[in-house]
Structures are given as C-alpha cells and as structure tokens.
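These numbers come from a predicted model, not from an experiment. In what follows, chains carry the letters A, B, and so on, assigned in the order in which the sequence lines appear, proteins first and then strands, with residues in each chain numbered from 1.
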Amino acid sequence: MATDTTTVTSPRDVPPGKAPAGRRPALRRDGRSAGVFLAPGLAGLALFTLFPTAMALGISLFDWPVFGERSFLGLDNYSHLLHDPVFRRVVLNTALFVVLYVPLNVVVSLGLAVWLGPKIKGRQAFRVLFFIPVMTPMVANVMVWRLLFQPDGLIDSGLQTWFGVHAPNFLGSSSWAMPAIVAMSIWQGFGYNFLVFSAALDQVPQSQLESAQIDGAGALHRFRYVVWPMITPSIFFATTMTLITSFQVFAQPFILTQGGPGVSTQTIVMYVYNQGWQFLNMGLAAAAGWVLFVIIMGLSAIQFIGQKRWVHHDV
Amino acid sequence: MNRTQAGRRLVAVAAALALGVLTACGGGGNSGGGSGSADKADLVWQFWVGGTEDQAAWQKVGDQAKADHAGITVKLQGTDWNSYWSKIGTLLASGKAPCIIGMQSLRTASYASAMLPLDDLITKYGLKTEDFDKPIMDGLKVNGKQIAIPYDSGPMVIFYNRDLFTQAGVPEPKPGWTMDEFKAAAKKLTTGGRTGLVTTPGDLSVASWVRTLTGAEPLADGKLAFTDPKFQQGFAGYSDFVHTDKIAPAVPSGNADFETTQFTAGKAAMQLNGPWSLIDTKGKVKFKLGIAPIPAGPDGSKTYTAGSGFGISRSCKTPDAAFQAIMSMTSEKPLTTLAAAGRAYPARTAAHPAWFTAAGIDGAKETLDYASEHSVPLVTSKNWVQVSDLLTRFGTQALNGEVPPDQALKTIQDQAGAGS
C-alpha cells in the first residue's frame, strides 16, 4: 500500500491544551475578527450595563441624596429594606403579581395558540388581532382600562344599568386593585407569547400527528406526547422571559393605581423609581434595585437548572 | 502587541471610560449653566409644558427678556409635568442644570438646596415684591429665602355647577357660607346618580379641607404633624364626606383626573380646585360654572394658596442675566398676555383685571379676593414629594373607609418621618 507522504495532523493527535500547529494562524485571525465584531457590543454592555450595575452596588452602600452630602452606611440600606414593612409588602406584591400573571399568561397564550391551529379559518387575522395590544403604547392601554375600572366607569355603569348594582371600586379597593392590574396585564401581554407558541406549534410535523392519530391517540394524548415535547424549548423561553419581565412590572400599576390604595399594588421597580426619582434617595433605590437583581438572577438560575428535567432540546 | 500589553491597554481604556462616565455624572461641568455677562447671555429655561401650542405660548414669555435686554435670549426646553421633576432633579444634581428653572411652590423645599437664593438679586435690581400676591411670594420661600419669582398663584376655592344648584333649588354659595350650609347643599345635590361633591386625597385638597374644618396645619415648626389630634380630626371630617355623609363618591387609586372628570362631566356638583384651572374648566363644561370660597369651619373660611414661578439654578454662570430675564418674564406685560389667554391666575395684582375679563364668571373677583384674604401659603417640608405620594395612596384607603383616617395618617407619618 502506498504511503501518503503529506502528514495531516488530526486534532486527536495533538496533546491536550495545544492547538494544531498548522491551524494556529487561522484561529488567531478568527479570534481577532471575532474580537473586532464583538467589541462594540461588549463596550456597550460594559458601559451601559456592567458599569452602572457596579455603580449601583457602590451607591447602595451610601446615604446618597440627589442633593446634599453623601455618607457611607455599609449595609444599612439593606437592613432598612429588611425591616421596612412597606418594602416587605412591595416584595410580596411583586411575588403575587408574578404568581398570578405568569401561569395565566402562559395558559391563555398557549391555549389560544393551540385553538388557532392550522385548520382555523382566518388565523392570520386572529394573530394580528391578538398582537395589537402588545404593539399599542402601554399608556394608551392603561388609560382605556382605567375607564373600564373606575367608579362610574364602563363596568360600573353597565352593572348599574342592567342589574341596578354597583361594581366593586376596582382601583380604589386593596382587595381588587391587584387582580385588576393582573387582568389588564394579561390582556396587554399575552400576544407576544401567543406568537412564540404559534410559531413553535407550526414546526410540529403533521406526519407525526397523523401517525399518532392512526395509532389511536386522542387529541389530549397527541398534545401530551407529541406536541408538548416539541414545544418545550419555546415554553421554557416564554416562561423565563415572562418571569423576568413580570418581576420588573412597573407601567401598569404606576399608571393605573400609582401603587395604591395604600401600598397594595406597589411593586419593587415602582419602589426603586419612587425612592430614586421622586424622593431623590439614590442609596435606598440602588439597594432595592440590587435586591430585585438578586431575586431575578436566582430564579432564572433555578429555571435554567430545572429545565434539564423537562425541556427536550433534542426532539 | 503581546497579551500583557493588550491587557494593559484594555484596563487603561476601561478606566478612561469609567472616569469619563464618573466625570459626566459627578457634576462640575458648565455646559448647562450657560456663560456670558449680566447684559449678554444665551439662557436655557427648563419648564413644564403641555404640548407644542403650550411651548409656543411660553416661549413668547421667554422672548420678553430679549425685548427688554437686547443681549439676553431665553430658550425654552419644555418637558411634560410627569417627567419634569425627575428630569430637573437629575439636572440639578449633575450641576448641569439650565439657568432658569420652573418651580412649583409645593416642591420648592425639596429642590431649594440646588437653587440660588434670589434676595440679593431682588435688592440689586430693585424688583418690587409688593407688586405680587403675598401668599405666593411667601410660598416660594424656603427658610426665609426667596427661591423663585411667581408668575401665577391662587387660593383653593370651590368650583360648582350652577345649573345643578338651580335644578335642586339650592341657593348658590356666597363668601362666608358655613360647613352646615355646604353639607345641606351637598346632600340635596346627591341624587339621581350624581353627588354633591367629589374629593381627592391630593395634598392641597386634604390640607385645605383640614385647615377650614379644624384649623390644623400639616407642618408644625417645620416638622410633619399628621399625628396631631386636630389634624386627625380634620382629616376624619373630610373622609366622612365619602363614607359617612355619602355626599362624595368612592375614590379610585392613582387617578388624579378623577375629581376633575367627575365634575366636568356633571356627575358631581362641586369640587375644590385652584383658579389656575378655572378658565380651562369653563371651556370644558356644558353648564354654567360658579366659584365660591371653601365653606367656613368653626374659625371661619380658611384655605391654602399655591402657585409657581421661576428660579435660578446654583450652577448658573450668569445669575445676573438670568434674574433680569426672570424679571422680564414675570413683568406685567407677559403676565397680562397669559391672563388674557386664560392660562393662569397671575401672581401680579396688576394683571388680575385681564384674567377676570377672560374668565367672565360672575362673582369670581369677589370670591378670589375673599379666598386670598383667608389663605396662607402651603409651606411644605423637604420631603413633601414623599408625603404627597403617601397621602395620595393611604388617603385613598381612608376616604373609601378601608382604614381609619388616623391610622392612615400615622402610617404616612411613620413612613415619611419628621420630614425636615
């Protein structure tokens, strides 16, 4: 057998930790190119995310009024937050919003996406219709919902006209205000996840569904054993993103109720905004911001660890 | 370049970036403060405006400076009310604020430390402070120092729907009307899905009603006094309008417009408001509008005055030019023009006739003169923005009967502290 005189070095022949000698210049060139392309993004990330985050951590250790003298407090701002009944209620409010909003949002958006299957007539029109609230400005949406919810608003007037009874004071009652905000938020936000799920459902091969049907699987079984495993990456993406954004909820309670009555609808981001930009107390605002950051990071990490158990990336 | 060199360069670039941002945030710059001399300067003026039409109208006020002083120009930077205060706070803290700053009397204490006291300039340029309404001149002072020169002012008064009063056969209120007369009228007007009054937990309304009901003030010796029994009693009386007397509807949370929309839609016969809203309200309503002083409590009719004006930021490099501009902007001519356009009840007494002509409401002058005599400025604490926010949120619970009024006030006091 003739022997090939040219030596081709296989990566397997190279001792661990050493790049193949012949490819080193090419890798370097790639590395430089990658660095050049990544530089603007990394600079932006460093300047507008990492640096302010680090600054916020520093500020959170100070009594930092917008005007006047600053003084080092150590962890006193965090201690204040721990012992402040309002902040504790604000954290609970945010958790309550998340617990109500995230599952309902996923159920509504997934339910509608499944319902609007390929056989439904006019599904494109429905898709546009459901996505409209996501595109319209939040302030406009909230103003319309306020007209529905307020005393003598559309719901109250309707109930008075038809049944002679008053509706609850949705935005003035500590019991009703949060459910009212959740309802408005679901209407406003489900369209985004609806599109994500619709796209994922469209990727499920019809042939597999037909095979399952021929094998005698009913609609529920087809969804559970064929559709669900294929859309779990989308479900994971949607729940993770929705969880993060719902922890950051601000506009709906800010415009609908200003966090009231009392502090029944005040959320962590509203607390940060009020402390920083209304009450000009940057130290406490930064500390509250860091508490939120840690909560979101922790829950996101748990989600990423947990996904291995139920997300099927290889289907 | 080897790896070590590259690393050093990277560190150097990062440090430069960080320093750049720190420098930008840390203040000390002079780009916002303008430059020039007492007679020649290009000044920037930050003010709240409601849109392009509003911006054009106010820019004409700024142009008065150029008309009076050829070398001084004033350029208006308008921001809507909701974003104005966070923006101005950032600008003042950064040391890059424009020279001329719009300032509201209730917020003056919060921002005073970043503003230039104007007393020396008032003396130097001979501004006659007696030409302005005294309550609002005092309302724009902090610790005895004048922080801004007012362009508008006004005591809180009752706006009422004259058509509803006529329909219900209720005599129209006159200066000196009592709390009993007010309640009797409101009860009679609460019928057919309408209410006699509409309330708000806003600071000016709460403070005015409490003051006339019991004479209590929100601050005592500069400290928040919400747990003072007289203040609690007055606030309980105000809350009773909603959940005991039932002459006013329940309040939604966070809707500052609710009071006005209920009144302008004819669903409530009366509301407490300031004269700055009168001409605008008259243009919106389809009924005859009347105004009356706040009803008299045990010690007579007592109300508060609020208003706004223009001050100078401490970072301004040309305070003399800025002050001359402010003198022009608050002079009789622009204030009369604003009054004739129905924009605000002018702080200068000489411009009042133009405003009353524009308002065209019977008894307006008699009412406002009476209310002014019975008003004092609502002097606020340094953290009044927080107090006002808490009052709006916990006051909603008290007005709706969710929590006892004294408990709501105690929560506010605990949260806001003394507030000095």
Side-chain angles (χ1 to χ4, degrees), chain A residues 35 39 42-43 46-48 50-52 54-55 64-69 84-86 139 142-143 146-147 149-153 156-157 160 166 168-177 180 253-266 273-282, chain B residues 6 13-14 17-18 20-22 25 82-83 85-87 89-90 92-94 110-115 193-195 201 242 249-258 261-262 265 267-268 314 382-383 385-390 392-400 402-403 408 411 414-416:
Chain A
L42 285 176
L47 193 60
F48 298 114
L50 299 179
F51 180 74
M55 277 287 285
W64 193 298
V66 169
F67 314 126
E69 293 295 311
D84 180 4
V86 168
V139 175
V142 174
M143 297 304 268
R146 180 191 280 177
L147 293 175
F149 282 142
Q150 71 183 19
D152 273 335
D156 190 26
S157 306
Q160 282 182 63
H166 275 286
N169 182 5
F170 293 106
L171 304 179
S173 153
S174 302
S175 313
W176 282 98
F254 182 72
I255 306 169
L256 262 183
T257 59
Q258 289 277 310
V263 283
S264 60
T265 56
Q266 196 176 3
Y273 172 80
N274 281 345
Q275 288 295 339
W277 303 111
Q278 300 287 309
F279 313 154
L280 311 175
N281 187 354
M282 291 294 174
Chain B
V13 169
L17 273 174
V21 174
L22 275 175
C25 296
N82 290 327
S83 344
W85 296 103
S86 52
K87 182 172 183 178
T90 316
L92 287 169
S94 72
S110 305
Y111 294 86
S113 61
M115 303 287 287
R194 296 193 186 95
T195 53
V242 180
V251 186
S253 186
N255 185 355
D257 295 334
F258 177 70
T261 51
Q262 287 289 109
K267 291 179 177 175
R314 279 192 187 270
K382 203 173 170 184
N383 70 339
V385 177
Q386 185 178 11
V387 173
S388 173
D389 173 74
L390 291 165
T392 304
R393 291 193 280 111
F394 290 100
T396 300
Q397 289 185 311
L399 287 177
N400 290 341
E402 271 197 354
V403 297
T411 307
D414 287 347
Q415 281 292 308

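- To the nearest 0.5 Å, atom CZ of residue Arg393(B) and atom OG1 of residue Thr257(A) are 9.0 Å apart.
- Of the atoms belonging to Leu256(A), it is backbone heavy atoms, and not side-chain ones, that fall under 4.5 Å from chain B.
- Most heavy-atom pairs under 4.5 Å with chain B: of the set Ala177(A), Pro85(A), Ser175(A), Ser174(A), this distinction falls to Ser174(A).
- Aromatic ring pairs are classed by plane angle as parallel below 30°, tilted from 30° to 60° and perpendicular above 60°; the pair Trp85(B) and Tyr111(B) is tilted.
- Looking at Gln262(B), its side chain never comes within 3.5 Å of a backbone N or O of Phe258(B) through a donor-acceptor pair.
- Both the backbone and the side chain of Val385(B) come within less than 4.5 Å of a heavy atom in chain A.
- Within 6.0 Å of CZ in Arg194(B) there are 12 or fewer heavy atoms belonging to other residues, nucleotides or ligands.
- If you tally non-hydrogen atom pairs under 4.5 Å between each of Gln415(B), Glu402(B), Lys267(B) and chain A, the highest count goes to Glu402(B).
- In terms of modelled atom types and a separation under 3.5 Å, the side chain of Asn400(B) and the main chain of Gly172(A) share a donor-acceptor contact.
- Most heavy-atom pairs under 4.5 Å with chain B: of the set Ser264(A), Ser173(A), Pro151(A), this distinction falls to Pro151(A).
- Looking at Thr265(A), there are no atoms closer than 4.5 Å to chain B (heavy atoms on both sides), in backbone or side chain.
- By the 30° and 60° cut-offs, the orientation of the rings of Phe170(A) relative to Trp176(A) is perpendicular.
- Judged by distance alone, the side chains of Ser86(B) and Gln278(A) never bring a donor and an acceptor atom under 3.5 Å apart.
- Residue contact with chain B, scored on non-hydrogen atoms closer than 4.5 Å, is absent for Gln160(A).
- With a threshold of 4.5 angstrom between heavy atoms, Asp152(A) approaches chain B through its backbone and through its side chain.
- Only the side chain of Asp389(B) has a heavy atom closer than 4.5 Å to any heavy atom of chain A.
- Between Phe279(A) atom CZ and Leu390(B) atom CG the span is 5.5 Å, to the nearest 0.5 Å.
- Per-residue counts of heavy-atom pairs under 4.5 Å with chain A were compared for Asn255(B), Thr90(B), Val251(B), Thr261(B); the largest is that of Asn255(B).
- Both the backbone and the side chain of Gln386(B) come within contact range of chain A, with heavy atoms under 4.5 Å apart.
- When heavy atoms are compared at a cutoff of 4.5 Å, Lys87(B) does not approach chain A at all.
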